[in-house]
Trainee: 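Quick one: the structure is below, and I'll ask about it shortly.
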Amino acid sequence: MIREWLFLEKLSQHADVGLLIMRVLTGAFLVYGVVDNVVSAEQMANFAAFLEANGFALPGVMAPLSVYFQLLAGLALIVGLLTRWTGILIAIHFMIAVVMVHWTQDFRGWWPAIVLVGIGLQFAFTGAGRFSLDARVTRKKN
């Protein structure tokens, strides 16, 4: 009784709900973070200039590539499609951001990007959970 209360073991029955919440919040964050670049050529140009100022090669190519990757990754997370691959790519994408942009900042400056590396790895390791398109696609039929 005390052990159950202390370690909250019954919550593990709802781990898929936690994955759903984390997927939707992370996906929404990624989509929200780039939608202005998608709808505004000026914002996309500003982002390309930011990449150039931070030493990225081919900023005119990298800006839309980064923006549309984040948009698609966010949408994939929200619906739970190809979640393990999406997680791996998110981890790589934001590790590049940490190294190229945030590394010289203080801890608070690089925190959002490094957290997205961790979240990406979490999805790579755990998958999307039961409430996802991945689960529907991989469900075995009897």
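Index from 1, following the sequence. Worth knowing before you read on, the calculation uses all heavy atoms, side chains too, and leaves out hydrogens, waters and symmetry mates.
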Trainee: Quick one: hydrophobic cluster around Leu72, which other residues, with the 4.5 Å side-chain cut-off, linked directly or via members?
Mentor: none
Trainee: Tell me the closest heavy-atom pair linking Pro59 and Ala48, and the distance in Å.
Mentor: CB-O, 3.3 Å
Trainee: Please answer: with hydrophobic residues joined when any side-chain heavy atoms are less than 4.5 Å apart, are Val99 and Val115 in the same cluster?
Mentor: yes
Trainee: Is there a donor-acceptor pair under 3.5 Å between the side chain of Arg84 and the backbone N or O of Phe123?
Mentor: no
Trainee: Drop me the distance from Lys10's NZ to Leu8's CG, to the nearest 0.5 angstrom.
Mentor: 11.5 Å
Trainee: Check side-chain hydrogen bond (donor to acceptor under 3.5 Å, both in side chains) between Asp36 and all other residues, then give those that pass, not counting sequence neighbours.
Mentor: Gln43
Trainee: Tell me, which pairs form a ring pair (Phe, Tyr, Trp, His ring centres under 6.0 Å) where one or both residues lie in residues 8-59, sequence neighbours left out?
Mentor: none
Trainee: Under 3.5 Å, side chain of Thr138 to main-chain N/O of Asp134, donor-acceptor pair present?
Mentor: yes
Trainee: So, taking the atom named CG in Leu116 and the one named CD in Gln70, what distance separates them when rounded to the nearest 0.5 Å?
Mentor: 8.0 Å
Trainee: Could you pull out all residues at least two apart from Asp16 that satisfy salt bridge (Lys or Arg N to Asp or Glu O under 4.0 Å)?
Mentor: Arg130
Trainee: Going hydrophobic residue to hydrophobic residue with side-chain gaps under 4.5 angstrom, can you get from Leu51 over to Tyr68?
Mentor: yes
Trainee: Working note: Ile119 + Ile90, criterion side chain to side chain contact (heavy atoms under 4.5 Å, CB included); need CA distance, chi angles, decisive distance, verdict.
Mentor: CA-CA 8 Å; Ile119 290 171; Ile90 287 170; over 6 Å; no
Trainee: Test of understanding: with salt bridge (Lys or Arg N to Asp or Glu O under 4.0 Å), list the residues that count as partners of Arg136, not counting sequence neighbours.
Mentor: none
Trainee: Tell me, which pairs form a side chain to side chain donor-acceptor pair (under 3.5 Å) where one or both residues lie in residues 113-124, sequence neighbours left out?
Mentor: none
Trainee: For Arg3, enumerate each residue passing the salt bridge (Lys or Arg N to Asp or Glu O under 4.0 Å) test, keeping only those at least two apart in sequence or located in another chain.
Mentor: Glu9
Trainee: Apart from Leu6 itself, which Ile, Leu, Val, Met, Phe, Trp or Tyr residues share its cluster (side-chain heavy atoms under 4.5 Å, direct or through members)?
Mentor: Trp5, Phe7
Trainee: Please check: side-chain N/O of Thr26 versus main-chain N/O of Arg23, any donor-acceptor pairing under 3.5 Å?
Mentor: no
Trainee: Is Ile78 reachable from Met22 through a run of I, L, V, M, F, W or Y residues, each pair having side-chain heavy atoms under 4.5 Å apart?
Mentor: no
Trainee: Under the side-chain hydrogen bond (donor to acceptor under 3.5 Å, both in side chains) test, which residues partner Asn37, sequence neighbours left out?
Mentor: none
Trainee: Please give me the minimum heavy-atom distance between Gly109 and Pro112, naming the atom from each residue.
Mentor: O-CD, 3.9 Å
Trainee: According to a hydrophobic-cluster definition based on side-chain heavy atoms being under 4.5 Å apart (Ile, Leu, Val, Met, Phe, Trp, Tyr only), do Ile96 and Leu65 belong together?
Mentor: yes
Trainee: State which residues pass side-chain hydrogen bond (donor to acceptor under 3.5 Å, both in side chains) with Thr86; sequence neighbours excluded, sorted by chain then number.
Mentor: none
Trainee: Who clusters with Val137? Use side-chain heavy atoms, under 4.5 angstrom, across I, L, V, M, F, W and Y, and order the result by chain and number.
Mentor: none
Trainee: Not counting sequence neighbours, list each pair that qualifies as a ring pair (Phe, Tyr, Trp, His ring centres under 6.0 Å) and has a residue in residues 73-120.
Mentor: Phe69-His93, Trp103-Trp110, Phe107-Trp110, Phe107-Trp111
Trainee: Same cluster for Ile88 and Val117 if Ile/Leu/Val/Met/Phe/Trp/Tyr side chains link at under 4.5 Å?
Mentor: no
Trainee: Within the side chain of Asn54, is there an N or O that forms a donor-acceptor pair under 3.5 Å with the backbone of Val101?
Mentor: no
Trainee: Does any non-hydrogen side-chain atom of Phe131 lie less than 4.5 Å from one of Leu19?
Mentor: no
Trainee: Do the non-hydrogen side-chain atoms of Val24 and Leu77 ever get within less than 4.5 Å of each other?
Mentor: no
